[in-house]
There are 2 protein chains.
Amino acid sequence: MPDSGPPPTLDDVARIAKVSTATVSRCVNDPRLVSRPTREKVQAAINALGYTPNFAARSMAAKRTLTIGAIIPTMENAIFARGVQAFQEELHARGYTLLISSSAYRADVEEEQIRTLVARGADGLLLIGHDRDAAIYDYLERQRVPVLAAWSFDLAARIPSIGFDNRRAMQSLAEQVIVAGHRRLAMISASSAQNDRARMRIYGVRDAMAAHGLDPETLELIEVSYDVQEGADAFETLMQRQPRPTIVLCGNDVLAVGALRGAEKLGLRVPQDVSVTGFDDIELAQVVRPGLTTVHVPHREMGRLAAQELVEMIEEKRTGRSQELTATIVNRASVLDQVKG
Amino acid sequence: MPDSGPPPTLDDVARIAKVSTATVSRCVNDPRLVSRPTREKVQAAINALGYTPNFAARSMAAKRTLTIGAIIPTMENAIFARGVQAFQEELHARGYTLLISSSAYRADVEEEQIRTLVARGADGLLLIGHDRDAAIYDYLERQRVPVLAAWSFDLAARIPSIGFDNRRAMQSLAEQVIVAGHRRLAMISASSAQNDRARMRIYGVRDAMAAHGLDPETLELIEVSYDVQEGADAFETLMQRQPRPTIVLCGNDVLAVGALRGAEKLGLRVPQDVSVTGFDDIELAQVVRPGLTTVHVPHREMGRLAAQELVEMIEEKRTGRSQELTATIVNRASVLDQVKG
DNA sequence: CTGGAAAATGTAAGCGCTTGCAAAACTACT
DNA sequence: AGTAGTTTTGCAAGCGCTTACATTTTCCAG
């Protein structure tokens, strides 16, 4: 393997192919602008040299990076993985690269990462949900970076979103369990500060209660961070309450699995002694026993649509169009119908 | 919000602060080189303008990007998530940004992504396992990009690795179940082509069989792709075999959960009727019932060490040092001890 | 004071690419 | 052959930053 020294540049290719750098550049970026014979000469030189365009130089000259940034709260569980994967696939198909970072659900970390991604010249950004400082939106506007939110849908927000109505989805689920005869509801939610998804899901439960003549104030609510064990602990606490809730609605599937483990530890049978629901319908929900009744979120579709929309915002330089997806209830075995028995 | 036009540049800052661009640059990159009063003047200008360095320009001039690329087979399940998260955290602490892409377990996709990351000027690369074309290693060598492998440990490989001995770990587990009285072993593995981790785990089982007087050829093996459902289907197939295996060793936890589901479908109790083991010890393994006996992989430590090593390789310009971590067996409820009963 | 070393700052040459503009080379008609 | 497009190619000016080297300022011992 001879030492080829520094990697070949556009100039090298131009020299070998005996054309100008401009021609080589066109050849690489838009071959239609170059005549057939020239194109072949250039291709040959490129292959001979093993030339790959230098990304930094390119984005500096072209003022775009073909890079899109996404900041997700966490990579450690499957909640965002599937959607992000689909997002990535679609971006890749359109020639963009995805830069992912995770904020560990912390607003300050998220802000820092937004700035980093912008400094790196991300052509666009995908954010999760809408809850963040106005200052960040100001910054983004000033920098003119197209931004899209996912996992939430809110026409009133400052940025367009591709997502679903967390509040309404949770309301439907809660109404279903109320109709099934449950009256003493409890809820385990992820921390709702700085998290509109979590907050809306709580509101959804209260909406359902109010709509069915239950006092929303009687909802036994515990907020915890995002973790199976936390879910289990919260569940045990809830089971102390008098009168004991007949159902525990969880803000997501991970907490719900925690609840299942909590029940197991207390020797309570699900759903005979107490019912449990989740949210998201990650793989875990159908793998666990009893299978979780939960809200199915169209993760892959959301990711794909978000990629399409964001790329269009960038390439057509237009403001984004929000799109609402529907989340549907999936009934498995973790809820007891007290009416039918 | 006044339109601030294009983002401020180093020149703008220099002009406002009434110093040269060189001074501003030093101020940003190594403030010790600048006198206190000047530094403060420059800082003030930076703040006033809201200046952020342009990444492309910087990496072009400095010939480094402070970016590290990682290509993982999949983001969709937790196998790599935890390790990568730790990797990212450690990199972040050292001032590097992580670029992640996933190859969907496809060698051609991986190769393309390696080239993309190199073209983007990644200062270093993290790859999973060692199985890939020699041509890729040649390319990487020629480009002089530091590369490190994780999730495997192999001193004979062309690149250094931070990982564990998949073969030996699986062998230990297999020996344990043989000692527990199992004689008819079956295995569900991820596809072993282009995947040294999967292949070594198979070898490990055969090693154990040979070491205990069992004919390695009698191992009932099915290779499937990586998915709960595939695991379930494979399990059902294996249960047709005569004589029926008493234990199904799975190449990873996801397949093992599939096996659990398969058993459920067939009305077989685990572990009374058939035992099941996993590999990786992802969260799923302890959440599922029965809890999976599996091999615990120190994901977070692996990610952290890999980040440290890779950064050192880059910054000290030295070749990497491999490090072997130990994977340990975690006994849960999915294996029946036929000897003790 | 002064000379000389050390510290601080400035000058300017790139880094590798894209792209507006201009020139050259074709084409298809009179 | 001449003309007016149309297509293809080349020229060269940046893009925003770092850094080797040169210059100026500061500091201190003599």
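The analysis underlying the following values was restricted to heavy atoms, covering all of them including side chains, and did not include hydrogens, waters or symmetry mates. Chain naming here is simple, since letters A, B, ... match the order of the sequence lines and numbering starts at 1 in each.
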Exercise. Closest nucleotide of DNA chain D for A:Thr21 versus for A:Arg36: which of these residues is on the 5' side?
Worked result: A:Arg36
For this session: Tell me which nucleotide among C:dT9, D:dG10, C:dT11 gets nearest to the side chain of A:Val19.
Result: D:dG10
Problem set entry | Listed nucleotide nearest any side-chain atom of B:Arg26, set C:dG10, D:dT18, C:dT18 | C:dG10
Problem set entry | Interatomic distance, A:Met60 CE vs D:dG16 C1' [rounded to whole Å] | 4 Å
For this session: Check every strand shown and say whether B:Ala22 touches a base, only sugar-phosphate, or nothing at a heavy-atom separation below 4.0 Å.
Result: base
For this session: Please report, rounded to the nearest Å, how far the P atom of D:dT9 is from the CG atom of A:Asp30.
Result: 13 Å
Exercise. To the nearest Å, how far apart are B:Asp11 CG and D:dC15 P?
Worked result: 9 Å
Seminar exercise, completed: Looking only at C:dC17, D:dT8, D:dG10, the nucleotide nearest the A:Ser20 side chain is D:dG10
Exercise. When rounded to the nearest 0.5 angstrom, what distance separates CG in B:Asn54 from NZ in A:Lys63?
Worked result: 8.0 Å
Problem set entry | Separation of D:dG10 P from A:Lys18 NZ (nearest whole Å) | 12 Å
For this session: Could you work out which one of C:dA8, C:dT18, C:dT11 sits closest to the side chain of A:Arg58?
Result: C:dT18
For this session: Measure from CZ on B:Phe55 to P on C:dC17 and round the result to the nearest Å.
Result: 16 Å
Problem set entry | Side-chain touch A:Gln43/A:Cys27, heavy atoms, less than 4.5 angstrom | no
Exercise. With a 4.0 Å cut-off on heavy atoms, is B:Ser25 in touch with a base, just the backbone sugar-phosphate, or nothing at all?
Worked result: base
Exercise. Can you find a side-chain donor-acceptor pair between B:Ser161 and B:Asp154 that sits under 3.5 Å?
Worked result: no
Seminar exercise, completed: Closest of C:dC17, D:dT18, D:dC17 to the B:Tyr51 side chain is D:dC17
Seminar exercise, completed: When rounded to whole Å, the CG to C1' distance for the pair A:Leu33 and C:dC21 reads 15 Å
Exercise. What nucleotide among C:dC15, C:dT9, C:dC17 has an atom nearest to a side-chain atom of A:Thr9?
Worked result: C:dC17
Exercise. Once you round it to whole Å, what is the distance between P of D:dC17 and CG of B:Asn54?
Worked result: 6 Å
For this session: Decide side-chain hydrogen bond (donor to acceptor under 3.5 Å, both in side chains) for A:Gln308 and A:Glu312; before the verdict, give the C-alpha distance in whole Å, the side-chain angles of both, and the deciding distance to 0.1 Å.
Result: CA-CA 6 Å; A:Gln308 289 174 1; A:Glu312 278 186 35; over 6 Å; no
For this session: Would you kindly compare B:Ala61 and B:Ser35 by the position of their nearest DNA chain C nucleotide and give the one closer to the 5′ end?
Result: B:Ser35
Exercise. Rounded to whole angstrom units, what separation is found between the NZ atom of B:Lys41 and the C1' atom of C:dG10?
Worked result: 13 Å
Exercise. Side-chain donor-acceptor pair under 3.5 Å between A:His92 and B:Glu112, yes or no?
Worked result: yes
Exercise. Does B:Asn29 have a side-chain nitrogen or oxygen under 4.0 Å from the phosphate oxygens OP1 or OP2 of D:dT18?
Worked result: yes
Exercise. Among C:dC15, C:dT9, D:dG16, which is the nearest nucleotide to the side chain of B:Lys63?
Worked result: C:dC15
